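Fair warning: this is a prediction, and the values are worked out from it, not measured in the lab. Residue numbers begin at 1 in each chain, while the letters A, B, ... track the order of the sequences. These numbers come from the heavy atoms of this one structure, side chains and all, not from hydrogens, waters or symmetry mates.
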There are 2 protein chains.
Amino acid sequence: MLDAIGLEILNILQKKARIPNIEVSRQVGLAPSAVLERIRKMEKQGIIDGYEVRLNPEQFNRAQVAFVHIKTNPAMSDKVGSELALIPEIQEVHFVSGSDCYLVKIRSADTTALGLLLQEKITTIDGVLSTSTETVLATVKETSQIPLPLTISQTT
Amino acid sequence: MLDAIGLEILNILQKKARIPNIEVSRQVGLAPSAVLERIRKMEKQGIIDGYEVRLNPEQFNRAQVAFVHIKTNPAMSDKVGSELALIPEIQEVHFVSGSDCYLVKIRSADTTALGLLLQEKITTIDGVLSTSTETVLATVKETSQIPLPLTISQTT
DNA sequence: TGAAGTCAAGAATAATATTCTGTCATTTGT
DNA sequence: ACAAATGACAGAATATTATTCTTGACTTCA
């Protein structure tokens with residue numbers, strides 16, 4: 001299903017999507033048509049979900065990252081989650097173990113904007129009981145890449 | 001510096017990088033050469049950082065997300081951060097306000113693998129004082145996209 | 001063994017990327 | 001104000017890449 005060459009292709013694309021197919025084919029040692037066929041298949045199988053551009057947050061006034069715990073009324077937690085997901089500054093919404101609580105990742109211009117967002121858009125959501133914010137002082141690593149195995153383990 | 005057409009191009013690429021340039025040019029109403037010139041310029045200016053493929057974590061046995069707070073010896077915190085960043089399962093390493101603490105995002109196969117990772121790779125790092133783990137039960141939203149205005153407001 | 005399926009090469013063709021030139025509009029300097 | 005400089009773009013010419021299609025090797029399974 002997914003062999004060493006498939007992984008190699010994905011590794012190349014994870015580093016640099018928007019690379020010409022023919023260049024991929026040179027790197028993996030297959031004909032361009034074969035690479036195309038493989039990529040199409042992986043897209044169809046849902047192995048590849050899509051391609052994204054990586055923008056520099058600082059250039060868009062989005063340098064401030066924060067993580068916020070949001071405690072919710074358990075009866076309304078689904079609805080709260082959906083509403084949180086609609087806020088564009090919120091990049092991630094996770095429901096976490098522990099105490100009827102979402103953990104969300106926010107990108108805002110600065111702490112002032114973050115405060116406003118919390119006060120006006122988040123605490124005002126029906127079902128939100130309380131929030132607890134951690135601001136990020138420095139980011140050492142930030143990737144969405146998935147570590148790929150060097151070889152394929154058996155799946156059936 | 002960045003006008004409405006530039007934003008439009010970025011919006012298109014954020015939804016679907018690996019789209020042909022000529023298709024972008026059709027959508028924004030410019031010649032392909034002009035779009036190419038603009039994209040190159042944005043890459044050079046550091047507005048565009050790169051292009052990534054988005055993989056489906058479930059297909060790679062990386063469905064379990066967890067966030068872990070890692071309290072460190074303040075004198076060694078930089079070194080701890082660098083070491084954490086080297087662990088492939090750790091996608092994000094943020095130094096957060098509050099208490100000499102990193103917040104890391106982990107992708108692992110399951111809670112068992114997570115436990116092993118914590119026990120063998122993280123708590124063993126010199127300078128790590130304690131950890132506190134939250135596992136994700138459900139993810140409502142997960143994107144690295146930066147919210148862009150649809151257009152630049154302009155007085156005409 | 002033979003039919004069906006998979007995978008990839010290679011050629012032919014379609015589409016796209018890239019370069020280059022000229023134009024127009026705006027800006028800059030004097 | 002005016003000429004030179006700059007920046008953005010269109011359009012054509014060319015280079016490169018994508019895509020399709022056919023064929024053949026190899027595998028699997030009954």
Scan B/R18 against the nucleic acid and name what it touches under 4.0 Å (heavy atoms): base, sugar-phosphate only, or nothing.
nothing

Using a 4.0 Å heavy-atom cut-off, does B/G29 contact any base of the nucleic acid, only the sugar-phosphate backbone, or nothing at all?
sugar-phosphate

[N] [atom2] sits how many Å from [X] [atom1], rounded?
X: B/E23; N: C/dA15; atom1: CD; atom2: P; value: 13 Å
X: A/D3; N: C/dC7; atom1: CG; atom2: C1'; value: 10 Å
X: A/I5; N: C/dA8; atom1: CD1; atom2: C1'; value: 10 Å

Is the shortest side-chain N to carboxylate O distance from A/R107 to A/E142 below 4.0 Å?
yes

Could you check whether B/K41 pairs with B/E37 (Lys NZ or Arg NE/NH1/NH2 to Asp/Glu carboxylate O, under 4.0 Å)?
no

Closest nucleotide among C/dT19, C/dA8, C/dT16 to the B/I22 side chain
C/dT16

In the hydrophobic cluster built from side-chain contacts under 4.5 Å, what are the other members alongside B/V65?
A/V65, A/F67, A/V96, A/L103, A/V136, B/F67, B/V96, B/L103, B/V136

A/T123 side chain to A/L118 main-chain N or O, any donor-acceptor pair under 3.5 Å?
yes

Answer yes or no: is there a donor N or O on one side and an acceptor on the other, between the side chain of B/Q145 and the main chain of B/Q14, under 3.5 Å?
yes

Outermost nucleotides of DNA chain D that come under 4.0 Å of a non-hydrogen atom of chain B
D/dA8 to D/dG11

Which pairs count as side chain to side chain donor-acceptor pair (under 3.5 Å) when at least one residue sits in residues 16-32 of chain A, sequence neighbours excluded?
A/E23-A/R26, A/E23-A/Q27

For a quick test of reading the model: is some side-chain N or O of A/K41 closer than 4.0 Å to OP1 or OP2 of C/dC7?
yes

Once side-chain contact (heavy atoms from CB on, under 4.5 Å) is applied, do any residues pair with B/E58, and if so which ones, sequence neighbours excluded?
B/N56, B/A63

For A/E8, what residues pass the side-chain contact (heavy atoms from CB on, under 4.5 Å) criterion, not counting sequence neighbours?
A/V28

Quick tally for nucleotides 22-28 of chain C: nucleotides whose base has a protein heavy atom under 4.0 Å get B, sugar-phosphate-only ones S, the rest -, giving -------

Please check if atom NZ in A/K141 has more than 12 non-hydrogen atoms from other residues, nucleotides or ligands closer than 6.0 Å.
yes

Both A/R26 and A/E37 contact DNA chain D. Which one's nearest nucleotide lies toward the 5' end?
A/R26

